[in-house]
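Here the structure comes first, spelled out in structure tokens, and everything after it is commentary.
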Protein chains: 2
Amino acid sequence: MIDILLVDDDLELCELLVEFLGSEGYRVTAVNDGLEGVETALSRNFGIVLLDVTLPKLNGFEVLRKIRQQSQVPVLMLTARGDDVDRIVGLEIGADDYLSKPFNHRELVARMKAILRRVNSPDESDRTRRKVLEMDDLSLNLANHEVLLGETVLDITATEFVVLKTLIEKSGELVTRDELTQVALNRRLMLHDRAIDMHVSNLRRKIGNKPDGRPRLKTVRGSGYFYIAD
Amino acid sequence: MIDILLVDDDLELCELLVEFLGSEGYRVTAVNDGLEGVETALSRNFGIVLLDVTLPKLNGFEVLRKIRQQSQVPVLMLTARGDDVDRIVGLEIGADDYLSKPFNHRELVARMKAILRRVNSPDESDRTRRKVLEMDDLSLNLANHEVLLGETVLDITATEFVVLKTLIEKSGELVTRDELTQVALNRRLMLHDRAIDMHVSNLRRKIGNKPDGRPRLKTVRGSGYFYIAD
DNA sequence: GCTGTAGTTGACAAATTCTTTACGGGATAT
DNA sequence: ATATCCCGTAAAGAATTTGTCAACTACAGC
């Protein structure tokens with residue numbers, strides 16, 4: 001579960017975001033001025049901070065600067081104007097990305113994920129970054145989303161790709177249905193939500209069994225799935 | 001003999017600099033507004049551009065951006081205020097250095113020389129100034145934005161050129177629509193923004209298929225495009 | 001001002017992908 | 001044993017995404 005700190009003086013927006021991000025599976029803490037923002041950001045271990053630029057008591061840039069003196073927590077700046085200058089200044093001071101209001105909720109989530117992915121990736125450099133993920137006779141090309149089964153290219157959807165990638169990355173260990181839903185479908189698992197089962201089902205049909213005939217994916221009833229490692 | 005373009009609306013300063021730099025052995029062309037600045041900068045092959053930030057018609061940042069769309073000519077920004085923000089913005093957009101007014105003439109010359117030395121250093125110039133980018137039977141001339149398909153010159157717009165260049169540089173790996181939009185259109189992808197799709201569509205029409213009949217560009221639904229490498 | 005070119009946007013069809021519903025079967029708990 | 005729960009999957013339906021035409025806007029050049 002990822003903790004988000006939202007620093008914004010627009011109470012209505014805060015309310016909306018708390019609800020929306022909550023439904024996406026995040027835990028959100030909202031504060032409404034700069035001082036509180038700095039304090040809260042440094043008091044707990046947040047996964048990411050969403051920081052408005054125009055704030056009472058301490059503006060967003062100042063907040064960011066103070067946070068950066070002590071913490072490398074990812075920060076996504078929010079601003080009212082679509083102003084390049086704000087963006088560049090923010091990035092220069094150490095923001096990870098920038099989004100101008102009004103923004104689409106889904107775009108917010110997309111940018112957050114991009115940041116978290118970047119931050120959590122073990123190595124940033126292009127040369128050393130792993131571009132291919134292999135498992136048994138499967139080969140996932142992370143660069144262009146292609147999946148090879150032996151020599152043949154499989155026709156895989158984006159969602160299926162993410163599901164398979166996740167299962168292979170954690171091969172041998174259980175991945176809950178909720179986790180898969182969050183990673184691949186960008187939402188929390190809901191009651192009677194069978195979508196992820198369908199994706200796993202379709203995936204099984206497409207990737208078939210292991211070369212020795214054993215199935216690749218095992219179901220853990222009541223919990224989730226995992227890719228069978230050897 | 002090195003040609004200098006000076007873009008500044010302060011006529012007195014222009015006069016002074018023309019005389020001083022002339023006495024230092026440079027040939028100086030001075031223009032007094034942003035539009036003229038862009039035009040002149042792109043019309044001739046200057047050794048360096050001295051660019052004021054506060055300009056009529058088009059401010060220095062906009063001038064720089066427009067120049068950078070087509071040229072890698074060194075640019076030294078001049079600004080009235082000793083403002084960090086200006087400096088950061090300028091460097092971010094692609095200026096080579098920055099000098100705040102009022103400045104010492106000697107310092108101006110020193111900085112110009114430093115830039116020219118850096119730009120002309122042999123190790124940089126070969127890598128950065130590669131003139132032609134080739135892929136299959138396509139040949140992009142980076143210097144003049146000409147694209148050859150076999151022997152014939154294609155009629156390609158500046159935006160299409162950048163899109164194609166980006167896709168070819170990263171051939172084989174996916175380039176997101178957002179990335180393409182940022183690189184080619186200088187903005188981020190917005191909701192319902194189909195502009196990049198049109199550019200890709202037009203590009204496909206113009207460059208046709210590979211010699212063997214396969215398409216050059218593949219769509220990765222939900223993500224972006226990539227140039228099919230072999 | 002007029003004209004042409006480039007870029008953007010709306011609209012729509014087509015293709016593809018995702019979700020839901022429904023039913024059946026095996027697992028689990030009582 | 002049997003009632004219940006959970007999962008597999010086919011099929012239908014909903015939704016999204018993309019390709020592209022055509023109209024529109026913006027703007028540089030004449």
Side-chain angles (χ1 to χ4, degrees), chain A residues 104 106-107 110 145 154-164 174-178 180-209 215-226, chain B residues 33-43 57-58 62-63 66 69-70 145 154-164 174-178 180-209 215-226:
Chain A
N104 179 276
R106 299 178 57 188
E107 183 169 6
H145 281 196
L154 296 185
D155 183 20
I156 289 269
T157 73
T159 302
E160 287 158 7
F161 185 89
V162 176
V163 171
L164 181 57
L174 177 90
V175 185
T176 63
R177 299 170 74 245
D178 186 273
L180 279 179
T181 304
Q182 289 200 35
V183 172
L185 270 22
N186 284 331
R187 64 161 190 253
R188 196 150 51 167
L189 187 64
M190 290 166 302
L191 207 60
H192 302 136
D193 187 347
R194 311 295 311 287
I196 205 65
D197 304 86
M198 279 312 306
H199 290 298
V200 170
S201 172
N202 293 330
L203 203 44
R204 275 177 166 142
R205 179 167 41 75
K206 289 180 183 178
I207 63 180
N209 287 336
R216 299 179 197 270
L217 305 181
K218 184 158 167 37
T219 305
V220 178
R221 193 185 166 81
S223 301
Y225 302 91
F226 67 91
Chain B
D33 71 66
L35 278 177
E36 240 184 308
V38 174
E39 217 167 284
T40 317
L42 297 175
S43 69
K57 300 200 182 173
L58 215 60
E62 297 169 311
V63 171
K66 283 199 186 293
Q69 283 176 6
Q70 296 190 50
H145 279 200
L154 295 186
D155 182 19
I156 287 268
T157 72
T159 302
E160 286 158 7
F161 185 90
V162 176
V163 171
L164 182 57
L174 184 126
V175 185
T176 63
R177 297 171 74 245
D178 184 273
L180 279 179
T181 303
Q182 291 198 38
V183 172
L185 270 22
N186 223 336
R187 62 162 192 248
R188 53 181 58 190
L189 186 65
M190 291 167 302
L191 206 61
H192 301 139
D193 188 346
R194 309 297 312 287
I196 206 66
D197 303 83
M198 278 313 303
H199 290 299
V200 170
S201 173
N202 293 331
L203 205 43
R204 275 178 167 142
R205 181 167 40 74
K206 289 180 183 177
I207 63 180
N209 287 338
R216 298 180 197 271
L217 305 181
K218 185 161 163 31
T219 304
V220 178
R221 196 184 167 81
S223 299
Y225 303 92
F226 68 92

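Below, read A as the first sequence line, B as the second, and so on, with proteins coming before strands; counting in each chain starts at 1.
A donor-acceptor contact shorter than 3.5 Å links the side chain of A:Arg216 to the backbone of A:Asn209.
Using a 4.0 Å heavy-atom distance criterion, A:Ser223 is classed as a sugar-phosphate-only contact.
Atoms CG (A:Asp197) and P (D:dA11) sit 18 Å apart, rounded to a whole Å. Rounded to whole Å, atom P of C:dT19 lies 16 Å from atom CG of A:Leu191. Following rounding to the nearest Å, B:Leu180 (CG) and D:dT18 (C1') show an atom-to-atom distance of 15 Å. Distance A:Arg204 CZ to D:dC7 C1': 9 Å, rounded to the nearest Å. The CZ atom of B:Arg205 sits 12 Å away from the P atom of D:dA22 (whole-angstrom rounding). When the P atom of D:dT18 is taken as reference, atom CG of B:Leu174 falls 11 Å away, rounded to whole Å. Going from atom CG of A:Leu203 over to atom P of C:dC18 covers 11 Å, rounded to whole Å.
The residues A:Asp197 and A:Arg177 are annotated as salt-bridged, a charged nitrogen and a carboxylate oxygen being separated by less than 4.0 angstrom.
In terms of the salt bridge (Lys or Arg N to Asp or Glu O under 4.0 Å) criterion, B:Arg221 has no residue partners (sequence neighbours excluded). Residues satisfying the salt bridge (Lys or Arg N to Asp or Glu O under 4.0 Å) criterion with B:Asp178, sequence neighbours excluded, are A:Arg111.
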Going 5' to 3' through nucleotides 6-17 of chain C and flagging B where a protein heavy-atom sits under 4.0 Å of the base, S where only the sugar-phosphate is that close, and - otherwise, we get SSSB-B---BBS
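A:Ile196 pairs in a side-chain contact (heavy atoms from CB on, under 4.5 Å) with only one of the listed residues (A:Val183, A:Thr181, A:Thr176), which is A:Thr181. Applying side-chain contact (heavy atoms from CB on, under 4.5 Å) to B:His199 and the options B:Leu180, B:Val162, B:Leu185, B:Leu164 leaves one that passes, B:Leu185.
Residue-to-nucleotide proximity on DNA chain D shows that, of B:Gly224 and B:Leu35, the 5′-proximal contact is made by B:Gly224.
Proximity of A:Thr219 to the phosphate of D:dG8: a side-chain N or O atom is located under 4.0 Å from OP1 or OP2. Taking side-chain N and O atoms only, B:Tyr225 has no distance below 4.0 Å to OP1 or OP2 of D:dT17.
In this structure, B:Arg187 and B:Asp193 have side chains that are in contact, with non-hydrogen atoms separated by less than 4.5 Å.
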